[in-house]
Structure formats: C-alpha cells, structure tokens
Amino acid sequence: MVSTADTCSQPVILGFDPGRQKCGIAVMGLDRTLFHRSVVASEAVLSTVEQLQKQLPISLIVMGDQTSASEWKEMLAQLSSPLRVVLVDERYSSLEARDRYWQLHPPKGLQRLLPQGLRQPSVPIDDIVAMLLIERYLNRLIQN
C-alpha cells in the first residue's frame, strides 16, 4: 500500500477493479501521483472507500466495465458520500497489470531467467489494474 494522504492538495481519482471475492483500489492524482494502492476483500470495499474519502479529496471513481460492474455501481451508490462513477474499458488490463508488476518489482534470482510472459506475480495484482484504469481514463481525457 502506498499512502501519502497528508501531502495531497489536488483532487484525486479512485480507481476500482471490481471482483466477486477481491477488488483492487488505487487513488491517483491528476498529475499521476499515486496516493494509495491495495487489494481488499469485496465485503470491505465500501468501508475502505469511505475511509479513503476521509483521508483524500476523491473527486470520482473510475471502474472497470467488465466483471459485475453494474452490481458494483449500485453498491457504490450506497456510500455515505456517493461519488460519480465512470466506466472504463478494462479489456487486457490484467495482462498489462502483470507487465507493470514486473516493472514495479523487478524479478530476482532465478525469476530473472524466465521470459516475462512465463513469470507469475506471487501476489494479487488487482490494485495495479485499478491504477491502470485511472491511467486509461486520464489518457482518454487528454485525447479528447
């Protein structure tokens, strides 16, 4: 988890990779500064988001549009301070997240000898997917 909430003076975006059992959450500024990243159990999502809302000036939620997105959109509307939810195309985000994982955590030992396509992260990467969803949203804003 990354957290520098006390230094955040800009509006931030919460990225959300919805899942049935676990979800990825990331909070990033418009300048792409990462303030938070975590993988949480699905039942802890609402309380985690509400806690983050108390710590950071979250302006909207960017969420993947695939797995159970419509159900999650309804559940996020139940937040005590609901936020606008923007759906982002999440196709191939898991593959992209795996590549980003190895950029963030370069392999060591014998892992270095394996081709990157054969390496599997040892931890869930849903938080990296959430981070990539924010980046996709910001890239879309720049293109328009």
Side-chain angles (χ1 to χ4, degrees), residues 1-108 111-112 115-144:
M1 175 193 321
V2 176
S3 189
T4 54
D6 51 350
T7 63
C8 181
S9 60
Q10 61 178 305
V12 295
I13 299 170
L14 185 136
F16 181 59
D17 178 36
R20 298 200 190 287
Q21 296 177 3
K22 63 183 174 13
C23 300
I25 295 176
V27 180
M28 184 181 289
L30 299 176
D31 65 356
R32 298 177 190 242
T33 300
L34 184 64
F35 293 99
H36 175 87
R37 203 178 84 196
S38 62
V39 177
V40 299
S42 295
E43 57 272 5
V45 165
L46 294 180
S47 62
T48 301
V49 172
E50 289 190 338
Q51 188 63 34
L52 288 168
Q53 283 182 296
K54 292 175 185 171
Q55 298 170 6
L56 295 160
I58 299 170
S59 59
L60 71 111
I61 296 175
V62 172
M63 180 172 67
D65 64 355
Q66 301 288 307
T67 311
S68 62
S70 57
E71 294 102 36
W72 274 109
K73 195 170 181 180
E74 288 176 25
M75 289 186 5
L76 290 169
Q78 299 170 18
L79 289 166
S80 57
S81 297
L83 295 162
R84 184 169 67 105
V85 176
V86 176
L87 296 180
V88 175
D89 182 5
E90 70 173 302
R91 284 179 290 177
Y92 310 113
S93 59
S94 294
L95 292 173
E96 191 178 339
R98 189 171 65 184
D99 290 342
R100 181 69 64 90
Y101 174 85
W102 294 115
Q103 290 172 3
L104 296 170
H105 309 281
K108 296 180 171 110
Q111 282 279 344
R112 290 184 325 209
Q116 186 166 314
L118 295 178
R119 291 185 216 134
Q120 291 297 320
S122 59
V123 296
I125 56 173
D126 307 74
D127 56 337
I128 297 174
V129 172
M131 190 175 76
L132 293 171
L133 293 173
I134 298 170
E135 290 175 0
R136 287 182 179 188
Y137 173 76
L138 292 173
N139 289 342
R140 193 171 77 189
L141 288 180
I142 291 169
Q143 292 172 354
N144 291 336

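We're numbering straight along the sequence, starting at 1. This is a predicted model, so every value here is computed, not measured.
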> Where do R37 and I25 land on the side-chain contact (heavy atoms from CB on, under 4.5 Å) test, with the steps shown first?
Replying inline: CA-CA 6 Å; R37 203 178 84 196; I25 295 176; over 6 Å; no
>> Let's go through I61 and K73 carefully: what are the C-alpha distance in whole Å and the side-chain angles of both, what is the deciding distance for side-chain contact (heavy atoms from CB on, under 4.5 Å) to 0.1 Å, and is it a yes or a no?
In response: CA-CA 10 Å; I61 296 175; K73 195 170 181 180; over 6 Å; no
> So L83 and L14, side-chain contact (heavy atoms from CB on, under 4.5 Å) or not? Walk me through it.
Replying inline: CA-CA 10 Å; L83 295 162; L14 185 136; 5.6 Å; no
>> Run the side-chain contact (heavy atoms from CB on, under 4.5 Å) test on Y101 and R119 for me, step by step, so that the C-alpha distance in whole Å, both residues' side-chain angles and the decisive distance to 0.1 Å come before the verdict.
In response: CA-CA 10 Å; Y101 174 85; R119 291 185 216 134; over 6 Å; no
Listing, residues 44-51 side-chain donor-acceptor contacts under 3.5 Å, not counting sequence neighbours, or none:
from, atom 1, to, atom 2, distance (Å)
S47, OG, A44, O, 3.1
T48, OG1, A44, O, 2.7
E50, OE2, S80, N, 2.7
E50, OE2, S80, OG, 3.1

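Within the structure, ring-ring contact (aromatic ring centres under 6.0 Å, His included) pairs that include any residue of residues 59-94 comprise F16-W72 (at least two apart or interchain). Applying the salt bridge (charged side-chain N to carboxylate O under 4.0 Å, His left out) definition to pairs two or more places apart or across chains, those involving residues 16-36 are K22-D126.
The salt bridge (Lys or Arg N to Asp or Glu O under 4.0 Å) test applied to R100 returns E135, not counting sequence neighbours. By the side chain to side chain donor-acceptor pair (under 3.5 Å) test, E96 is found to be paired with R136, residues two or more places apart in sequence or in another chain being considered. Residues forming a side chain to side chain donor-acceptor pair (under 3.5 Å) with D99 (at least two apart in sequence, or on another chain): Q116.
Residues L104 and M131 have side chains in contact (heavy-atom distance under 4.5 Å, counting atoms from C-beta outward).
Not one N or O on the side chain of S93 forms a donor-acceptor pair closer than 3.5 Å with the backbone of L132. The closest donor-acceptor contact from the side chain of Q10 to the backbone of G29 lies at 3.5 Å or more, if one exists at all.
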